[in-house]
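Right, one structure below, let's go through it.
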Amino acid sequence: MWIVAIASAQPIVIKTSIILDGKGGVLRNKMIVVESGRIVRVADARGSATYDLTGLTVMPGWIDTHVHLGWHFNKEGRLEQGGPGSKETPEQSALYAEGNAYATLLGGFTTVQSVGSAIDGDLRDLINAGVIPGPRILTSLRAVTENTGDTEKIRAYVRKMKEDGADVIKLFATASIRDGGKQTMTDEQVLATCSEAKALGLRSVVHAHAPGGARAAVMAGCTSVEHGALLDDATLQLIADHDTYFDPNFLVLHNYLENKAKFLGIGNYTEEGFAYMEKAIPMMSDIMKRAMAHHVKIVLGTDAVAGAHGRNAEEFIYRVRDGGQPPMDAIISGTSLAAEALALRDKIGTIAEGMAADIVAVAGNPLEDITVVRKVAFVMKGGRVYKH
């Protein structure tokens, strides 16, 4: 394997034997022609190719709708989030964040939504300028909480987030699962946040474990409910009825438990908090199955924190193995449906003419064995090859 970053002025021809187009279609023996960073043609394979991906399964670049790129383990093997109180210099924190972004890209994820850290804005802009490698980033920069203030202060805060360059508004309607997941923001605070975001042309994603917080988010017109470990069937049906997106997360819970020693004793990472997270794993499997039964729009987000960056594809495996999601549906949730949730359905998430040339290929067929998503053999983002 070698890592490259090549963007050619000449047409790039990619030969394939199987393509999962991101919308549920399977294409066989096709070539993908790329020019100026976009797919200009998908046709029957013939002639020579710039890249021969025969024998691999080709898909649109994967999309993770919920990550935290700034979170990492420091040189002492302990959680660091950067910012006030950090033991690191801003330069060190920035380098860790870039390392996380690059690992995520090489893991097959060409677009992520990072919610949120102040470093995300500069990281996004430098990646967009081609200065450093990484996935396409959308970011909230920071978040709205119950402590942001009354409804007028919240609306002003949301306007400032937009002014500062936020692509999306993140809000915490409930406490962490480590603290029981109870509703924290009032219904009025949630409404003020999401309605102001909508007025500004921004989406809004809501941390909500408990039904109350999730219901408030749906009724306020928020875009997506994140986590949802404690949701009941009535709330899931409400989410479905309002076409709100739902982003349950498996990877983050497993990652916390696998790296317990690196988190324990920091903030609410207590023994009690870890006990809550351990109980939440089977709850998440149950939520996933019930959400599918209610025909909820389930997108793929990992809540990737320290220790998870570059392993985002494990979420596909947990959802299929533990959540009972069909493999094709899992792929769609991390491609075209995720793109739709990010309001980018006309740009990314599908292998089709006119779309950005974001392409990932794995060794094996994930429809037969979902674990092959660990075997990323090719990554292209915007027509530039980063892994081959």
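- Judged by distance alone, the side chain of Arg38 and the main-chain N or O of Gly354 form a donor-acceptor pair under 3.5 Å.
- Not a single donor-acceptor pair under 3.5 Å links the side chain of Ser204 to the backbone N or O of Cys194.
- Looking only at distances, no side-chain donor or acceptor of Gln113 sits under 3.5 Å from a matching main-chain atom of Gly301.
- Using a 4.5 Å heavy-atom cutoff, the side chains of Val379 and Leu105 are in contact.
- For Phe250 and Phe316, the ring centers are positioned 6.0 Å apart or more.
- Take Tyr96 and apply the ring pair (Phe, Tyr, Trp, His ring centres under 6.0 Å) test, not counting sequence neighbours, and it matches His72.
- Screening residues 42-56 for salt bridge (charged side-chain N to carboxylate O under 4.0 Å, His left out), with sequence neighbours left out, gives Lys30-Asp44.
- Leu238 is linked by a side-chain contact (heavy atoms from CB on, under 4.5 Å) to Arg215, Val218, Met219, His242, counting only residues two or more places apart in sequence or in another chain.
- Just one residue in the list Arg203, Lys162, Arg124 forms a side chain to side chain donor-acceptor pair (under 3.5 Å) with Asp167, and that residue is Arg124.
- A distance-only check finds a donor-acceptor pair linking the side chain of Asp120 to the backbone of Ser117 [under 3.5 Å].
- Between the side chain of Ser17 and the backbone N or O of Gly55, at least one donor-acceptor pair lies under 3.5 Å.
- Considering only heavy atoms from C-beta on, Asn128 stays 4.5 Å or farther from Ile137 through its side chain.
- Partners of Ser48 by side-chain contact (heavy atoms from CB on, under 4.5 Å), not counting sequence neighbours: none found.
- For the pair Lys381/Ile127, a side-chain contact is recorded, criterion being any heavy-atom separation below 4.5 Å from C-beta on.
- Between Val13 and the choices Ile32, Val34, Thr50, the side chain to side chain contact (heavy atoms under 4.5 Å, CB included) rule is met once, by Thr50.
- With sequence neighbours excluded, the residues satisfying salt bridge (charged side-chain N to carboxylate O under 4.0 Å, His left out) with Arg311 are Glu258.
- The backbone N or O of Thr89 lies less than 3.5 Å from a partner atom in the side chain of Gln92, making a donor-acceptor pair.
- Between the Asp64 side chain and the Thr302 main chain, a donor and an acceptor come within less than 3.5 Å of each other.
- Around NZ of Lys289, the count of heavy atoms belonging to other residues, nucleotides or ligands within 6.0 Å exceeds 12.
- Tyr256 carries Arg178 over the face of its six-membered ring, with the cationic atom under 6.0 Å from the centre and within 45° of the normal.
- Ser140 places no side-chain N or O within 3.5 Å of a backbone atom of Ala143 that could act as its donor or acceptor partner.
- In this model, a donor atom of one side chain and an acceptor atom of the other lie less than 3.5 Å apart for Asn259 and Asn255.
- Atom OG1 of Thr184 sits about 8.5 Å away from atom CG of Asn147, to the nearest 0.5 Å.
- Residues Pro366 and Met328 are not in side-chain contact: their nearest non-hydrogen atoms beyond the backbone lie 4.5 Å or more apart.
- Within the structure, the salt bridge (charged side-chain N to carboxylate O under 4.0 Å, His left out) test picks out the following pairs touching residues 231-250 (sequence neighbours left out): Asp233-Arg290, Asp247-Arg319.
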**OP:** For side-chain hydrogen bond (donor to acceptor under 3.5 Å, both in side chains), just list the numbers for Asn268 and Glu272, CA-CA rounded to whole Å, side-chain angles, deciding distance to a tenth of an Å, and then say yes or no.
**Re:** CA-CA 9 Å; Asn268 64 0; Glu272 184 181 14; over 6 Å; no
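- Glu226 and His207 form no side-chain donor-acceptor contact under 3.5 Å, judged by distance and modelled atom types alone.
- Remark: side-chain polar atoms of Asp21 are paired, donor with acceptor, to backbone N or O of Gly24 under 3.5 angstrom.
- Applying the ring pair (Phe, Tyr, Trp, His ring centres under 6.0 Å) criterion to Phe378, with sequence neighbours excluded, gives Tyr51, His388.
- In this structure a side-chain-to-backbone donor-acceptor pair under 3.5 Å is missing from Thr16 to Ile19.
- A heavy-atom distance below 4.5 Å is found between the side chains of Leu342 and Thr65.
- Chaining together hydrophobic side chains whose heavy atoms lie under 4.5 Å apart places Leu202 alongside Val144, Ile154, Tyr157, Val158, Met161, Ile169, Leu171, Met185, Val190, Leu200, Val206.
- Side-chain contact between Ile14 and Ile359 is present, with heavy atoms from C-beta onward closer than 4.5 Å.
- With salt bridges taken as basic N to acidic carboxylate O contacts below 4.0 Å, none links Lys262 and Glu80.
- Applying the side-chain contact (heavy atoms from CB on, under 4.5 Å) criterion to Val320, with sequence neighbours excluded, gives Pro327, Ala330, Ile370.
- When side chains are defined from C-beta on, Asp303 counts as touching His227, because their heavy atoms get closer than 4.5 Å.
- For Thr335, the side-chain contact (heavy atoms from CB on, under 4.5 Å) partners are Pro60, Trp62, Ile331, not counting sequence neighbours.
- Aromatic ring centres of His68 and His309 lie farther apart than the 6.0 Å criterion allows.
- Listed by first and then second residue, the salt bridge (charged side-chain N to carboxylate O under 4.0 Å, His left out) pairs involving residues 341-362 are Arg136-Asp358, Glu340-Arg345 (not counting sequence neighbours).
- With sequence neighbours excluded, no residue satisfies salt bridge (charged side-chain N to carboxylate O under 4.0 Å, His left out) with Lys153.
- In this structure, CD on Gln189 lies 12.0 Å from CZ on Arg155, to the nearest 0.5 angstrom.
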